[in-house]
Amino acid sequence: MKVLYFAWVRERVGKAEEVIEPPASVTTVGELMQWLAGRGEEYALAFAKPVIRAAIDHIHVKPDAPIAGAREIAFFPPMTGG
Amino acid sequence: MKVLYFAWVRERVGKAEEVIEPPASVTTVGELMQWLAGRGEEYALAFAKPVIRAAIDHIHVKPDAPIAGAREIAFFPPMTGG
Amino acid sequence: MSPAPIPITIRLQQADFDVAAEIAALARGRADVGAVVTFSGICRGGEGGEAITALTLEHYPGMAEAEIRRHVDEAVARWPLTGVTVIHRHGRLVPGDNIVLVVTASAHRQAAFLGAEFLMDYLKANAPFWKREERPQGAATWVEAHHRDDAALTRWKDS
Amino acid sequence: MSPAPIPITIRLQQADFDVAAEIAALARGRADVGAVVTFSGICRGGEGGEAITALTLEHYPGMAEAEIRRHVDEAVARWPLTGVTVIHRHGRLVPGDNIVLVVTASAHRQAAFLGAEFLMDYLKANAPFWKREERPQGAATWVEAHHRDDAALTRWKDS
């Protein structure tokens, strides 16, 4: 499963993307964020704030969205475009 | 007192402007329109429709507006600009 | 402290206008403009299936400028605009020709949008312009005012 | 009968855009376009008294286009638009530079205004772009999202 990070989430994690293999017990976006947060200090820092947004395959999703079948999951701060 | 006509009011009256001297009994815009309508067939035709709007010295006014002190009174159909 | 005067341009002209130049006039060299809205009104080639070959715009010189200026001043009083430009053409126009341009600038988008909509609604209903349409057959006819244009104004009334 | 497809252009680019050319692309040669609204978002030189020397826009390629396209399709479904163009720049910009352009065309003004406002409100809150500001002193900081931008969306919700 490919994971992308943007803006200060990317800066804190220290990379723009990576391929991860979470355990089968991780089934939702929210659980994936918790799992990522436990992967090290930089991840804990990146995922400490509850404001982080997620998208699965280019669609905004909420933390309770299932990750089964996702090709690409992205994490990022609230958007500030326009 | 200078009077101006625009659009189909101008076309029906047959002139764009003229100087008039209504009698002292004509004190409002509505009375002036009635007086003008009595000046001939072309005026009667021009002022037959109740939709005609008026302006005194470049300000929109209603039929009950007094004409005393007016330098320039204009009559025209509802506006269709923009 | 009363606010600093802002650039206001009102032009009635037969010539066409240049939207990009008018945007630049309100935004170039300014660090406080974050949003510019433009409205271009364009002569259409028909209405309700009936073809129009040309449009002639008559206006009341003097009053037209004064009436537009009053509404620009009201827009500036209502919203934090940093600049306003209104250009209204008169004379004979053909389908595809520009008729009217409103440009509003502000720090943020909401004021720019509201200012432009307010001005267009008032231009349509209150500015002393009259349109006469030419059709492929028959004489030219004066356009009748739309009730929806008067209705649009109720949005801007106080209270 | 489903409506004919209308011209829709969505571009994410580092280069600047030309507002006049984008208006012409939606209006030139068409007799059914009576109203064109443009919104230009411009990089300001400061916010709340604090100077900004530059802005860097990061975006999520692929999703940004898809998210904008979804909202353009929704605008086209909601209002009788005859064309829509959205251009969003990315990379490093300085005060005075253009950031974003929305152009909407329609027969009448109301659809054009509503479509442009709707798209800007959604771009601000939903399009995956992030702004980082550089200041005269100190490190660059990521711009925080405004609650007012989420609040602006409530206007467009059904019911």
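Naming convention: chains lettered A, B, ... in sequence-line order (proteins, then strands); numbering from 1 in each chain.
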Option in C:G41, C:A64, C:G62 with maximal non-hydrogen atom pairs under 4.5 Å from chain B: C:G62
Between chain B and each of C:E58, C:R89, C:M120, count heavy-atom pairs under 4.5 Å; write down the option with the most. C:E58
So how far is it from C:H59 NE2 to B:F6 CZ, rounded to the nearest 0.5 Å? 8.5 Å
Just do the side-chain contact (heavy atoms from CB on, under 4.5 Å) check on C:R132 and B:W8 with the steps written out, would you? CA-CA 9 Å; C:R132 193 175 54 174; B:W8 54 251; over 6 Å; no
Which portion of B:L4 sits near chain C, non-hydrogen atoms under 4.5 angstrom: side chain
Test your reading of the model: is there a side-chain donor-acceptor pair from C:W130 to the backbone of B:G81, 3.5 Å cut-off? no
Could you go through the side-chain contact (heavy atoms from CB on, under 4.5 Å) check for C:K124 and B:T80 one step at a time? CA-CA 6 Å; C:K124 283 267 177 189; B:T80 55; over 6 Å; no
CZ of C:R70: more than 12 outside heavy atoms within 6.0 angstrom? yes
Considering all heavy atoms of both residues, which atom of B:H58 and which atom of C:E67 are nearest to each other, and what is their separation? O-OE1, 4.2 Å
For side-chain contact (heavy atoms from CB on, under 4.5 Å), just list the numbers for C:M63 and B:E72, CA-CA rounded to whole Å, side-chain angles, deciding distance to a tenth of an Å, and then say yes or no. CA-CA 11 Å; C:M63 179 169 172; B:E72 181 175 301; over 6 Å; no
B:E18 atom CD, over 12 foreign heavy atoms within 6.0 Å: yes
Any donor-acceptor N/O pair, C:K131 side chain to B:G82 backbone, under 3.5 Å: yes
Per-residue tally against chain C (heavy atom, under 4.5 Å) across B:A55, B:P77, B:P78 peaks at B:P77
Rounded to the nearest 0.5 Å, how far apart are NE2 of B:H60 and CG of C:N126? 4.5 Å
